[in-house]
Protein chains: 2
Amino acid sequence: MAYGNAFVALADPTRRTVFERLRHGPRAVGDVAEGLAVSRPAVSQHLKVLKDARLVTVYRDGRHQFYAIDTNGLSAIRDYLDSFWGEALQAFKTYAEKDQPKRNARRKRARR
Amino acid sequence: MAYGNAFVALADPTRRTVFERLRHGPRAVGDVAEGLAVSRPAVSQHLKVLKDARLVTVYRDGRHQFYAIDTNGLSAIRDYLDSFWGEALQAFKTYAEKDQPKRNARRKRARR
DNA sequence: CTTATTAGTAAGCTATGGCTTACGGAAACG
DNA sequence: CGTTTCCGTAAGCCATAGCTTACTAATAAG
């Protein structure tokens, strides 16, 4: 159930902002915190949550702690979501065929 | 930013359980609540959050409110996550090439 | 060795999210 | 009609998540 922590981690807007700042590559903590509305310790705390959720990884270079995106957390969520696609669509289809031969249900938006 | 609400909705374990109970098809509120550790009104509140996040839809049949999974919320999260895959791997690759010319990167998991 | 930089941790405050019980309202049912 | 079933909403309680300011540790630099 690794996706649990990952969902919690990405549910907070500030933490998501922190996460998104790593989008283009690894950055040091101070660099990530710069310009944000919250303090640097707050950013450290957010990064810890992200790390525990395997959404980021760390490595040290001198006094700098560089954080980078970890795809493990991403794929944990992804796999969880994927497990719904097939069944949800299947259930919808079954329901539509069985119960609604006449009435035309609201049309479903084509996927992607 | 529809994914924001969706992340919040799926971050709570109880709410995730409610959501998962719709996996195999639409169910009425009382049916969803049955056997859960929380009260029926609590389930109603969870369903409201899920609905606002476009993770479920509702339709009425007599006195029964049937809730079903809505793929709109799912794809909102999915799209958000997808926007990281490419860039994160790209960043990793750039880093690997620059600093680690020898080591060969891990192969990417086939998608879909 | 002293000082500066970088970052994690501790303690405490406050807002809020999830729960409960109580109530209200609509649909089936006698 | 009155009653029962089904469900949403309101009000209030309480645990906790996120923030701040302090402090501490580790590395670099002078």
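Just so it is clear: chains get the letters A, B, ... in the order the sequence lines come, proteins before strands, and each one is counted from 1.
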In numerical order, the residues of residues 42-55 of chain A whose heavy atoms come under 4.0 Å of DNA chain D are A42(A), Q45(A), H46(A)

Would you name the heavy atoms of A9(B) and L50(B) that are closest together and state the gap between them? CB-CD2, 3.9 Å

If I compare all heavy atoms of Y3(B) with all of A76(B), which pair ends up nearest, and what's the gap? CB-O, 3.8 Å

Separation of atom OH in Y59(B) from atom C1' in dC7(D), rounded to whole Å: 16 Å

Start and end of chain A contact along DNA chain C [non-hydrogen atoms, under 4.0 Å]: dA4(C) to dA10(C)

What heavy-atom pair brings L74(A) and F84(B) nearest, and what distance separates the two atoms? CD1-CB, 3.8 Å

Phosphate contact (dT20(D) OP1 or OP2) by S39(A) side-chain N/O below 4.0 Å: yes

Measure the distance from CZ on R40(A) to P on dC19(D) and round it to the nearest whole Å. 14 Å

What does R15(B) touch in the nucleic acid at a heavy-atom separation under 4.0 angstrom: a base, only the sugar-phosphate, or nothing? sugar-phosphate

Listed by chain and number, what are the side chain to side chain donor-acceptor pair (under 3.5 Å) partners of D70(A), not counting sequence neighbours? N72(A)

Short side-chain N/O contact to dG8(D) OP1/OP2 from Y67(B), under 4.0 Å: yes

Applying ring pair (Phe, Tyr, Trp, His ring centres under 6.0 Å), can you list everything that pairs with Y67(A), at least two apart in sequence or on another chain? none

Going by atom type alone, with no hydrogens or angles, which donor-acceptor pairs under 3.5 Å involve a side-chain atom of residues 29-43 of chain A and a protein atom two or more places apart or on another chain?
residue	atom	partner	partner atom	Å
D31(A)	OD1	R27(A)	NH2	3.1
D31(A)	OD2	R27(A)	NE	3.0
S39(A)	OG	A42(A)	N	3.4

Closest approach of F7(A) and L81(A), non-hydrogen atoms and distance? CZ-CD2, 4.2 Å

Measure the shortest side-chain to side-chain distance between R78(B) and D82(A) over non-hydrogen atoms and say whether it is less than 4.5 angstrom. yes

Quick one, D12(B) and V8(A) - any side-chain contact, counting heavy atoms below 4.5 Å? no

Both V8(A) and A28(B) contact DNA chain D. Taking the nearest nucleotide for each, which residue is further toward the 5' end? A28(B)

Listed by chain and number, what are the ring pair (Phe, Tyr, Trp, His ring centres under 6.0 Å) partners of F66(B), not counting sequence neighbours? Y59(B)

Each nucleotide of nucleotides 24-30 of chain D classed B (base within 4.0 Å of a protein heavy atom), S (only sugar-phosphate) or -, in 5' to 3' order, makes ---BS--

Can you tell me which nucleotide in dG8(D), dG18(D), dT20(D) comes closest to the side chain of V38(A)? dT20(D)

Salt bridge (Lys or Arg N to Asp or Glu O under 4.0 Å) contacts touching residues 49-68 of chain A (sequence neighbours left out): K48(A)-D52(A)

